[in-house]
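Keep in mind it's a predicted model, so treat the numbers as computed, not measured. So that the names make sense, note that chain A is the first sequence line, chain B the second, and so on, each numbered from 1. Below, each value reflects all heavy atoms present in this structure, side chains not excepted, and no hydrogens, waters or symmetry copies.
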Protein chains: 2
Amino acid sequence: MSSIRDIAARAGASVATVSRVINHSGYVAAATRARVERAIAELDYTPNAGARRMRSGASWMVGVVLPALDVPFFGIMAHVLERELFRRGYQALICCTDESADQEARYISMLLSQQVDGVLAASVLEDSRQYQRLVDAGVPIVGLDRGFPGLAAVSVAVDHHAGGRMMAEHLLALGHRRFAVIGAPRHSPPVQARVLGVEKRLAEAGLAARVALGDAHDFDACRVLAAQVMTKGLTAVIGTTDIAAIAAVHAAIGMGLSVPGDVSVIGFDDLPEARYVLPALTTVAQPLREIGVQAVAQLCGLIAGQAVPMEALPLRLVLRDTTGPVAEGPVAG
Amino acid sequence: MSSIRDIAARAGASVATVSRVINHSGYVAAATRARVERAIAELDYTPNAGARRMRSGASWMVGVVLPALDVPFFGIMAHVLERELFRRGYQALICCTDESADQEARYISMLLSQQVDGVLAASVLEDSRQYQRLVDAGVPIVGLDRGFPGLAAVSVAVDHHAGGRMMAEHLLALGHRRFAVIGAPRHSPPVQARVLGVEKRLAEAGLAARVALGDAHDFDACRVLAAQVMTKGLTAVIGTTDIAAIAAVHAAIGMGLSVPGDVSVIGFDDLPEARYVLPALTTVAQPLREIGVQAVAQLCGLIAGQAVPMEALPLRLVLRDTTGPVAEGPVAG
DNA sequence: TTGTAGGCGTTATCAA
DNA sequence: TTGATAACGCCTACAA
């Protein structure tokens, strides 16, 4: 790797001049600039980011802490964040914690060691002690779908409670009266908020739902949960995520029920698979792209030390083929 | 951020001693070590990776170049690579090119600037000029599902040609004689190899398939392609990926056909959605995890300058519900 | 067993 | 308009 000194030697200039050319700062004669630029091209010179960071303090790196990349929700989120960060000149350091506090601690150490300019955290771990270390080091943090109790950190999220209400509302409007909720993972605050939203809206209609919460969020675990909770007479199932809802569809069909003939199912997220599955899933869509863009904008605001207005993140009901009017006439009571 | 000097001052030692403690190198008295370690803990000191790299040359960073993270295949691959790299002490710099040569060039510059110790490339772009820059800078490269013509780079991939044969074999064994292939994206060498494998095996049985290749690989594009190619009398459809196969199932059902009653469908990859969809998809599974682990092992071998034996990456037929015996008796001719 | 000092590649200050 | 030089944080000869 050639250094700024090699360029200086080849162009017959000093390192200071080369630095000025690279950074477009200060005065450089056109002829000198041309010589330097030629030398840079000839040697395929690339500035050493480590050395640069050591001088200037800014690393132009941002940590992105997520539980995983191999599930669609976080894969999509990571994609949006990475693209948006790179567009603004930042390199993403993606950290998959696998929901392990231990891993998370190691990643935070690494992020401190790399002198990241900021952190985007979608981690689902409750303990915010690790993030305290970042705050202590003056690293700004933006939480996705999570807050940091006691820490000065911005949080970007849709209104999950309202999302829960929307799911209930849609099924109530179709005449449903007997509900089940499949909620997983139970430790996720957004999931909890959606369940609360559903319960609130049903209570307003004088109804209550059978609620089943599960620890794991994989397809098989959700299907087992759904099979347990779906008793005779139930006509509406609310999944707190698309995966949970798709699992509920499988459970219903496995029990010999038809969807949406016998039972309606609604999900949340609007992941691509909501369209792949048959019947295609009715769901409440979150604007994942906008959430990611907004989170990056907020973080850049914190890094630059100036407030950025928080934009609205609207939810949207997406009607597909898993919900329909209740089959029997309205149930008494 | 505290530096090694702050630690030295607090522990009443010199920076050299602190460095020795941190790196477990040279002689340090137990008492001194204890004082230094206490100071490190008290100040939550983290070594500055940039400074370290400048001294030692090794950055402990590896570039991971992918077309995207928001499609399951690459999301899973990125997850495996990131976890395996971090386990070995490397930080992944994930780069989503969006299949743009322009973006890729920018990312390669960034990787050079960050002095990465190696690069894992799953990019689908043909042009290897950008990778030449890495080679010139002495950065080892491992390709996933791709080679680098003219460049000394290792490549890790399953035998896609054999995978094509497996798909054809399974359907032939079920008595099918009239085939279609939905192949996308057409520019992907693995996809091309699978198509070739299918054609070869069918030719051996004296048969040929209707082959439709598409530029785009999204669900909608594949469904359109499938609808075009599925003519009356066809009993078997081979998707070169699970997405293509799932789209073919949708197309068939949209045409009033039953799967697998009227038409059998098989895919390739065995992504999680192969199990979500109804009917669940029969497919050929690639060992994604093992591919990722193997790729990282190969890269670490290149970085360390010692050959690592390449392990076999077996494919596996996964029987689910989209393939069955041909409905009518064997077709004459 | 511990300390001193030089240099890695940059940028920024100051002088020329 | 350009150049010499100090400093960032760390590691490692070399000296003590």
Side-chain angles (χ1 to χ4, degrees), chain A residues 1-37 39-40 43-61 89 91 109-117 137-138, chain B residues 1-37 39-40 43-61 109-117 137-138:
Chain A
M1 289 300 301
S2 46
S3 84
I4 203 172
R5 253 190 285 274
D6 302 318
I7 305 299
R10 191 180 187 94
S14 72
V15 291
T17 302
V18 175
S19 178
R20 277 190 284 264
V21 170
I22 294 168
N23 298 292
H24 302 97
S25 67
Y27 299 99
V28 180
T32 315
R33 170 182 301 278
R35 284 207 319 282
V36 169
E37 278 169 349
I40 288 176
L43 297 179
D44 193 19
Y45 164 76
T46 322
N48 181 320
R52 221 171 217 194
R53 159 186 345 170
M54 205 163 76
R55 263 300 311 197
S56 71
S59 68
W60 291 96
M61 289 193 182
Q91 177 57 36
S109 294
M110 183 279 295
L111 293 175
L112 285 167
S113 156
Q114 297 290 355
Q115 320 270 113
V116 289
D117 294 338
Chain B
M1 289 300 301
S2 46
S3 86
I4 203 174
R5 253 191 286 274
D6 302 318
I7 306 299
R10 190 181 187 93
S14 72
V15 292
T17 301
V18 175
S19 178
R20 277 189 282 263
V21 170
I22 293 168
N23 299 291
H24 303 95
S25 66
Y27 300 98
V28 180
T32 316
R33 171 182 301 277
R35 284 207 319 282
V36 170
E37 278 169 349
I40 287 175
L43 295 180
D44 193 18
Y45 165 77
T46 322
N48 181 319
R52 220 170 218 198
R53 156 184 350 170
M54 207 163 71
R55 268 291 313 191
S56 69
S59 68
W60 292 96
M61 289 192 175
S109 293
M110 182 279 295
L111 293 176
L112 285 168
S113 158
Q114 298 289 355
Q115 320 271 111
V116 290
D117 294 336

note = In 5'-to-3' order, the base (B), backbone-only (S) or no-contact (-) status of each nucleotide in nucleotides 9-16 of chain D, using a 4.0 angstrom heavy-atom cut-off, is BBBB----
request  = Would you list the pairs meeting salt bridge (Lys or Arg N to Asp or Glu O under 4.0 Å) in which at least one residue belongs to residues 8-17 of chain A, sequence neighbours left out?
outcome  = Arg10(A)-Glu42(A)
request  = Any salt bridge (Lys or Arg N to Asp or Glu O under 4.0 Å) involving residues 13-26 of chain A? Give me the pairs, sequence neighbours left out, ordered by first then second residue.
outcome  = none
Minimal non-hydrogen separation, [X] against [Y], with atom names:
X: Ala8(A); Y: Ser14(A); answer: CB-C, 3.7 Å
X: Val15(B); Y: Arg5(B); answer: CG1-CG, 3.6 Å
X: Thr46(B); Y: Ser109(A); answer: CG2-O, 3.3 Å
X: Ala51(B); Y: Met54(A); answer: CB-SD, 3.3 Å
X: Ser59(A); Y: Val116(A); answer: OG-CA, 3.5 Å

query = Which residues pass the side-chain hydrogen bond (donor to acceptor under 3.5 Å, both in side chains) test with Ser25(A), sequence neighbours left out?
reply =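 Checked Ser25(A) against side-chain hydrogen bond (donor to acceptor under 3.5 Å, both in side chains); zero matches.
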Side chain to side chain contact (heavy atoms under 4.5 Å, CB included) assessment of Ser3(A) paired with Asn48(A) = CA-CA 8 Å; Ser3(A) 84; Asn48(A) 181 320; over 6 Å; no
task = Using the heavy-atom set of chain A and a strict 4.0 Å cut-off, write down the first and last nucleotide of DNA chain C that makes it in, 5' to 3'.
result =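 Terminal contacting nucleotides, 5' to 3': dC8(C) to dA12(C).
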Rounded (10°) bend between the five-pair end axes of the helix from dT1(C)-dA16(D) to dA16(C)-dT1(D) =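 Roughly 40°, once rounded to the nearest ten degrees.
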inquiry  = Pair Tyr45(A), Ile22(A) - check side chain to side chain contact (heavy atoms under 4.5 Å, CB included), show working.
reply    = CA-CA 11 Å; Tyr45(A) 164 76; Ile22(A) 294 168; 3.5 Å; yes
